[in-house]
Amino acid sequence: MEMSPFLGGEEMSEKKEIDDRFKKFGTVSFTSVTKVNDFIDFLEKGKVMGTRCQDCGMVFFPPRADCYHCLSRNVEWFEVSGKGKLVSYSKLQYAPVGFEGDLPYSIALVDYGDYKIFGRLAGDIPDDEVKLGMEMKTVVNKLPNGQLNYVFEKA
Ligand SMILES: [Zn+2]
């Protein structure tokens, strides 16, 4: 069984038809079927979205359809907007299978205050301009093969 950071302990038996919108995400798709497929529709509209539990307030990115904190399914979408701060980054010389063609690229963690987002830096930021603490924004990125993901740009 394929595991994905976007899967949140959901039971697939609930859905009869195959909802495979997630196959459009990223260089290599981890999964094509999840309850958070709306994430892809939002990307196509230029929005990077996470989810927030309406019962306990926990914020999830990658988005989850179920809250692992209070086990509620009462989650809502919110847009990742505004500026975050770069808190960690690492330039990769080796990449996971399927991502070799993207090298070199930098993975990074951006802190938005009540949540953090893991992703990669936009490829056009010169290395010497990347500084911890710099303000960044999360934007939708279209890959050459037509797939979608998100990257961090200078804010
Ligand atoms: Zn909750």
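Indexing begins at 1, ligand by ligand and atom by atom, following the structure's order.
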Report task. With sequence neighbours left out, write down each residue that passes ring-ring contact (aromatic ring centres under 6.0 Å, His included) with Phe42, or none if nothing qualifies. Result -> Trp77

Query raised in the report: When rounded to the nearest 0.5 angstrom, what is the spacing between CE in Met136 and CG in Leu109?
Result: 12.0 Å

Pair up each side-chain donor or acceptor in residues 81-90 with any protein partner under 3.5 Å, not counting sequence neighbours, and list the distances.
none

**Report entry** Sub-2.8 Å protein N, O or S atoms surrounding the Zn ion (ligand 1)
**Finding:** Cys53 SG, Cys56 SG, Cys67 SG, Cys70 SG

**Report entry** Side-chain touch Asp55/His69, heavy atoms, less than 4.5 angstrom
**Finding:** no

Query - Side-chain heavy-atom pair Val75, Asp66 within 4.5 angstrom cut-off - result: no

**Report entry** Listed partners of Lys91 passing salt bridge (Lys or Arg N to Asp or Glu O under 4.0 Å), at least two apart
**Finding:** Asp127

